[in-house]
Amino acid sequence: MSTVSPPNATPDSGFTDQQTHYLRGFFAGVQQRPFVAHLSPAQITYEPGSNARNLAEPQNEETFWGTPISDLCAEEVWKYESNSLDLWDELLDAAARDEAPNAEQRYRFKFHGLFHVAPAQDSFMLRLRAPGGIITSHQVRGLVKIAESWGNRRLDLTTRSNVQLREFAPRHIVNVLNSVRKLGMSGLGSGADNIRNITASPISGYDPQELIDVQPFADALQNYITNSRDMFGLPRKFNIAFDNGGAISALADTNDIGFVAVKVADDRSVPAGIYFRVLLCGITGHKQFATDCGLLLRPDQLVAVAAAMVRVFAENGDRTDRKKARLKYLVDRWGIDRFVAETAKKLAFPVLHVDANVAEPRGPVDRAGHLGIHPQSQPGRSYIGVCIPVGWLPMEQALAVAEIADRFGSGEIRLTVWQNLLIPNVPQECVAEACAELKRAGLAIDAGRVQSGTVACTGSRGCRFAMTDTKAHALEIARSLDASFALEQPVNLHVTGCPNSCAQHYIGDIGLMGVKVGGEEGYQINLGGGADSDQAIARQLFPGIKYAEVLPMLHALFAGYRKCSQGEESFLEFTRRHSIEELRGIAGTTDNLETMA
């Protein structure tokens, strides 16, 4: 009987008979490994030469955005199983049942802007989108009608220049969504792991100091997002801002991507003109501002570059650990240079890499420019900034704003990241009458220097994460300080209810974060934060004190400021000039002020 030698074996190879027998069996087994493949729906083959996949072998685990399914966190598994944009039948069913959603539905509904806020309230909140913070008088009236019919008869203005409708029952969610759509508005992608409302300088197009009107870019990027399903379902939420380089900041350095207009003069290495610098990875709740990534973009390149950057994040961000899923952590892992290089691979055009000092310095930022009467770049026109304390706008006042915007302006209303609003395009001869109408409605165009810079998150009345009643406390603190101290310069008070820092407590002159102290409501106290030219992360004064002790402590601190300030020194400058130990002494530190949270 003939024999078959193992590959490369020869009669004088030196193998024993036992070794030769073993090797023959091994190679025969390799050659005869089971193979099954489908050549067509009706034909199955055993022959490996078909170039089809061997279905008799174990298959590699399926992946989602390059991550094995078994490694995904729960939210990413839900995204893998179905796209939350395709949820209309579930929304209809939830409304018909009038029941609270389960955990998965609670997450998925956020893709449509719907937040079930139990246990704070057994109701829904709808967060809308208003690119650049622009809404119309017609839309305001429509939102008031929705809030009156199904909600709490109030509009809530947010720190991303948009609007929330609150306190409507599950059975009304479809009614609310349909009514919002009829107004030409949407909440799509305003929650969960999506690009949040796109912000822009609130008086863009009207600002005499601006370098360029950025509102068209906010609108264009929102349209692009709406038309691109792959721009939804990111590893984590994503914030984008456009700053016109003018008098009122868009707080671009607190965003994942901030586009800031700059001017390049004639004697530089690039042609003179208006460009944009690109800031990356602002996440002030984690004590980090966005930093310049080295790009200098033409205005017509902005939306394309934003789209490319978002896609790089979507493809490479962490989908296993939600605590490490923001853009910051991808850039920490890669470095800015690699992130910019990966972005460039997605662009069909080159972009300039130029040092930031090629651009002219930014002009001054008016910290009080969002309130009061200010001339526009259009001759004979002014905008009026209206104070909406902590963003609460009752329906009667909202209707008054809509009427005043129609009667004296152009029917347009601008929202700000300070939870206030602006009425633009008011003829100079009508300003006094418009202000009188606002006063009759109980609305002020000015406020105390603390209240004018006060922002607060929803707080424990409407958020399950918040540990304190932030809005009520913020109002009490601001009004008390303004009544007791006549200040010349603005003081920003940021009050947030939990470490998620929706009110960005680390960039406030005073930043309060809700904590529990001995089972009672309390606050971590931070001082000296700021953005833009005042950029700094606030320093912690106290880790946690009871709310009952906050006001006495702040009063002592402001009294010390009034007594010890130098010249025209602002409260911010005063707190930065002193050490934490000195500030504790000024604040009258006692044992109960050092209670640990």
Side-chain angles (χ1 to χ4, degrees), residues 53 55 59-118 123-129 168-181 185-197 221-240 256 307 310-327 329-330 464-465:
R53 189 175 68 168
L55 299 178
Q59 303 301 311
N60 293 329
E61 183 179 1
E62 190 172 353
T63 62
F64 182 66
W65 293 101
T67 301
I69 302 303
S70 60
D71 292 341
L72 296 173
C73 62
E75 291 82 358
E76 295 298 329
V77 171
W78 293 333
K79 294 176 196 173
Y80 162 73
E81 291 173 341
S82 66
N83 193 322
S84 294
L85 298 177
D86 303 322
L87 204 65
W88 192 248
D89 287 344
E90 287 190 47
L91 293 171
L92 290 171
D93 182 63
R97 289 185 288 103
D98 194 27
E99 294 177 356
N102 60 33
E104 180 178 345
Q105 290 171 327
R106 183 178 291 115
Y107 172 77
R108 290 188 181 280
F109 285 9
K110 293 177 184 179
F111 275 67
H112 298 259
L114 291 166
F115 291 72
H116 190 254
V117 298
S123 63
F124 275 93
M125 174 268 283
L126 175 65
R127 180 188 293 157
L128 297 170
R129 301 192 75 94
F168 52 92
R171 64 182 176 275
H172 295 313
I173 59 176
V174 172
N175 292 329
V176 171
L177 289 176
N178 281 334
S179 297
V180 164
R181 288 177 179 176
M185 303 185 75
S186 172
L188 200 65
S190 63
D193 304 329
N194 297 296
I195 302 170
R196 301 301 176 81
N197 193 52
L221 181 56
Q222 179 56 60
N223 292 337
Y224 181 86
I225 293 167
T226 302
N227 291 319
S228 306
R229 286 170 66 87
D230 66 331
M231 298 289 280
F232 295 83
L234 307 178
R236 213 61 164 90
K237 73 175 183 179
F238 206 92
N239 293 327
I240 301 176
D256 293 282
V310 171
R311 284 191 169 85
V312 171
F313 173 58
E315 294 168 8
N316 299 282
D318 193 330
R319 294 181 182 265
T320 67
D321 182 357
R322 292 181 67 75
K323 293 181 180 179
K324 301 290 184 181
R326 291 288 297 272
L327 177 66
Y329 298 103
L330 174 62
R464 62 194 178 100
F465 298 112

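Here the structure is a predicted model, which is why all the values come from computation and not from measurement.
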Value rounded to 0.5 Å, distance of [atom1] in [X] from [atom2] in [Y]:
| X | Y | atom1 | atom2 | answer |
| --- | --- | --- | --- | --- |
| Arg97 | Leu92 | CZ | CG | 11.5 Å |
| Asn194 | Met231 | CG | CE | 10.5 Å |
| Trp88 | Leu177 | CH2 | CG | 5.0 Å |
| Asp193 | Lys237 | CG | NZ | 10.5 Å |
| Arg319 | Asn316 | CZ | CG | 9.5 Å |
| Lys110 | Ser190 | NZ | OG | 11.0 Å |

**Message:** Under the rule for salt bridge (charged side-chain N to carboxylate O under 4.0 Å, His left out), what residues qualify as partners of Arg106, not counting sequence neighbours?
**Reply:** none
**Request:** With sequence neighbours excluded, tell me which residues meet salt bridge (charged side-chain N to carboxylate O under 4.0 Å, His left out) with Glu104.
**Result:** Arg108
Short question: side chain of [X], backbone of [Y] - any donor-acceptor pair under 3.5 Å?
| X | Y | value |
| --- | --- | --- |
| Arg127 | Gly189 | no |
| His112 | Ser84 | yes |
| Arg236 | Ala325 | no |

State, yes or no, whether a side-chain contact exists between [X] and [Y] at a heavy-atom distance under 4.5 Å.
| X | Y | answer |
| --- | --- | --- |
| Pro170 | Glu99 | no |
| Ile240 | Val310 | yes |
| Lys79 | Tyr107 | yes |
| Leu114 | Leu91 | yes |
| Asn83 | Phe232 | no |

**Asked** Using the benzene-type ring in the case of Trp, are the ring centres of Phe238 and Phe313 under 6.0 Å apart?
**Response**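 Ring centroids of Phe238 and Phe313 are less than 6.0 Å from each other.
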**Message:** Regarding Ser228 and Asp230, do their side chains bring together a donor and an acceptor under 3.5 Å, going by distance alone?
**Reply:**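 Result is no, nothing qualifies.
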Minimum heavy-atom distance [X]-[Y], with the two atoms named:
| X | Y | value |
| --- | --- | --- |
| Gly191 | Phe115 | CA-CZ, 3.5 Å |
| Leu234 | Ala314 | CD2-CB, 3.8 Å |
| Arg171 | Asp98 | N-OD1, 2.9 Å |
| Arg311 | Tyr224 | NH1-OH, 2.7 Å |

Output a table of donor-acceptor pairs, distance under 3.5 Å, between side-chain atoms of residues 62-73 and any protein atom two or more places apart or on a different chain; print 'none' if there are none.
{"residue": "Glu62", "atom": "OE1", "partner": "Tyr80", "partner atom": "OH", "Å": "3.1"}
{"residue": "Ser70", "atom": "OG", "partner": "Glu61", "partner atom": "OE1", "Å": "3.2"}
{"residue": "Ser70", "atom": "OG", "partner": "Glu61", "partner atom": "OE2", "Å": "2.9"}

**Prompt:** Salt bridge check: are Arg196 and Asp256 linked by an N-O gap of less than 4.0 Å?
**Reply:** no
